[in-house]
Number of protein chains: 2
Amino acid sequence: MSGDDTRETLDALDARLLLLLVDEDRISVLECARRLGVARGTIQARLDKLFARGVIAGFPPAVHLAAIGYELTAFAWVEISQGNRGPVIEALEAINEVCEAHATTGTADLFIRVAARSHTDLQRVIDEVVAVPGVERVSSSIALSTPIPPRFRPLLERLL
Amino acid sequence: MSGDDTRETLDALDARLLLLLVDEDRISVLECARRLGVARGTIQARLDKLFARGVIAGFPPAVHLAAIGYELTAFAWVEISQGNRGPVIEALEAINEVCEAHATTGTADLFIRVAARSHTDLQRVIDEVVAVPGVERVSSSIALSTPIPPRFRPLLERLL
DNA sequence: TTTTTCACTGGTCAATCTGTACAGTCGAAG
DNA sequence: CTTCGACTGTACAGATTGACCAGTGAAAAA
């Protein structure tokens with residue numbers, strides 16, 4: 001009686017299904033059923049439940065930003081003056097190149113990830129961030145390489 | 001004669017197709033063709049090309065980590081002793097909760113993102129990172145909220 | 001113990017989608 | 001004027017989907 005569906009754990013079948021969806025691209029429900037050795041209806045029911053619980057939000061295309069010209073990724077800590085979080089966030093949302101923002105603990109207030117086409121372009125974007133009213137200080141650093149690309153596979157594997 | 005297919009730009013149709021794939025979940029090729037007012041074969045050809053160029057890497061499920069128990073996200077800067085980058089990366093890869101790692105400019109050497117089930121759990125993970133041979137210093141901060149979730153839609157919209 | 005509940009199986013059905021192919025159109029490049 | 005590449009419109013066989021349903025088994029409730 002948790003009252004919170006989110007709490008339900010994934011069983012091994014859910015985990016194996018997710019792993020299959022992560023690995024094999026564009027795999028069909030029917031094929032999943034075959035691979036996992038269960039009836040198609042079961043997979044369909046599991047998928048529906050995973051969606052309903054919010055475990056899976058969808059299947060967005062994995063777009064490689066570098067392949068569309070945005071070769072640079074940079075991270076930045078943004079310090080803002082008190083009471084301006086809302087407006088600042090809104091302003092950041094309006095900057096196309098700001099691809100992610102988190103409010104964090106620590107000295108800085110916001111942590112953002114930005115994409116850019118070149119160093120010059122990055123400069124421009126950073127300048128735009130700095131220019132946002134309420135932003136007091138920005139310290140950024142460029143990603144030179146990404147030895148571990150975004151992943152969550154290991155977390156799933158543990159559920160098997 | 002650029003010798004690098006990656007350089008080819010996306011035209012408006014590519015961009016609209018990508019936007020469609022981002023927004024409408026599990027949309028079929030046929031439906032894309034209908035929405036964009038072009039023949040199915042065109043969409044299929046465009047999709048194939050986007051894959052071939054590496055623009056689209058696939059359609060992985062968007063898994064909501066919080067829904068599978070990993071409610072905490074934390075970021076950390078990792079300073080490592082010189083000449084130990086390789087081994088350190090390997091060790092970090094072996095830690096399931098390390099969901100991303102970048103080599104960056106600036107004072108620290110690596111920037112990582114970690115997932116955890118609780119504060120206690122996060123402590124354990126951070127300790128594991130600190131314990132990696134070659135790691136000299138780790139400074140972490142917890143994501144309290146995510147006002148701008150990962151996005152790249154604005155970058156695509158600009159191509160229209 | 002008996003009953004109820006629930007997930008799973010294995011099967012069907014019509015509708016849709018996919019991969020593939022092919023001939024015709026069109027504009028740009030040669 | 002011809003060639004080339006991209007797009008259209010069409011076609012077809014095979015696979016997939018969503019929706020059902022009756023039957024089974026195991027676990028929870030009575």
Side-chain angles (χ1 to χ4, degrees), chain A residues 1-64 67-69 156 159-160, chain B residues 1-64 67-69 156 159-160:
Chain A
M1 234 141 280
S2 68
D4 185 357
D5 288 0
T6 290
R7 299 241 157 260
E8 297 190 27
T9 334
L10 301 187
D11 67 5
L13 183 58
D14 289 319
R16 283 197 296 153
L17 174 55
L18 284 175
L19 284 173
L20 212 47
L21 293 171
V22 169
D23 296 338
E24 314 278 325
D25 216 55
R26 274 178 162 183
I27 193 171
S28 70
V29 171
L30 189 53
E31 182 59 21
C32 286
R34 281 195 281 255
R35 301 267 189 104
L36 300 177
V38 298
R40 180 172 65 112
T42 304
I43 296 298
Q44 245 149 2
R46 292 304 187 104
L47 263 183
D48 288 346
K49 249 176 285 184
L50 288 173
F51 266 95
R53 277 197 266 164
V55 174
I56 301 180
F59 294 88
V63 173
H64 187 37
I68 59 173
L156 292 176
L159 298 172
L160 291 185
Chain B
M1 234 146 278
S2 70
D4 185 357
D5 289 0
T6 291
R7 299 241 157 259
E8 299 190 26
T9 334
L10 300 187
D11 68 3
L13 182 57
D14 289 318
R16 284 196 296 153
L17 174 56
L18 284 174
L19 285 172
L20 211 47
L21 292 171
V22 169
D23 295 339
E24 313 279 323
D25 216 55
R26 271 175 163 189
I27 193 171
S28 71
V29 171
L30 189 53
E31 182 60 20
C32 287
R34 281 194 281 254
R35 301 270 188 101
L36 300 179
V38 299
R40 179 171 65 108
T42 304
I43 296 297
Q44 245 148 1
R46 292 304 187 108
L47 263 184
D48 288 346
K49 250 176 284 185
L50 288 173
F51 266 95
R53 276 197 267 164
V55 174
I56 302 181
F59 294 88
V63 173
H64 188 35
I68 59 173
L156 291 177
L159 299 172
L160 289 185

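Chain identifiers are assigned alphabetically (A, B, ...) following the order of the sequence lines, protein sequences preceding nucleic acid strands; residue numbering begins at 1 within each chain.
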Angle separating the five-pair end axes of the helix from dT1(C)-dA30(D) to dG30(C)-dC1(D), nearest 10°, is 40°
Note, Arg53(B) side chain near Asp14(B) side chain (heavy atom, < 4.5 Å)
yes
What I'd like to find out is whether the side chain of Leu19(B) reaches to under 4.5 Å of the side chain of Leu160(B), using heavy atoms alone.
yes
Please identify each residue that fulfils salt bridge (charged side-chain N to carboxylate O under 4.0 Å, His left out) with Arg16(A), with sequence neighbours left out.
none
How would you list, by chain and number, every residue that makes a side chain to side chain contact (heavy atoms under 4.5 Å, CB included) with Pro60(B), sequence neighbours excluded?
Ala62(A)
Check whether any side-chain heavy atom of Arg34(A) sits under 4.5 Å from a side-chain heavy atom of Ile27(A), and report yes or no.
no
For the pair Leu13(B) and Thr42(B), evaluate side-chain contact (heavy atoms from CB on, under 4.5 Å) and give the outcome as yes or no after the intermediate values.
CA-CA 10 Å; Leu13(B) 182 57; Thr42(B) 304; 4.0 Å; yes
I'd like to compare against my own output: the B/S/- annotation of nucleotides 6-17 of chain C with a strict under-4.0 Å heavy-atom distance to protein.
--SB--B----S
For the student: nearest non-hydrogen atoms of Ala15(B) and Leu159(B), plus distance
CB-CB, 3.8 Å
Is the shortest side-chain N/O distance from Gln44(B) to OP1 or OP2 of dG19(C) below 4.0 Å?
yes
With a 4.0 angstrom cut-off to heavy atoms of chain B, pull out the first and last contacting nucleotide of DNA chain D, in 5'-to-3' order.
dC7(D) to dA11(D)
Just so I know, are the side chains of Leu50(A) and Leu10(A) near enough to count as touching, which here means a heavy-atom distance under 4.5 Å?
yes
Could you list the residues that satisfy salt bridge (charged side-chain N to carboxylate O under 4.0 Å, His left out) with Glu24(A), not counting sequence neighbours?
Arg35(A)
Is the shortest side-chain heavy-atom distance between Val63(A) and Leu21(B) below 4.5 Å?
no
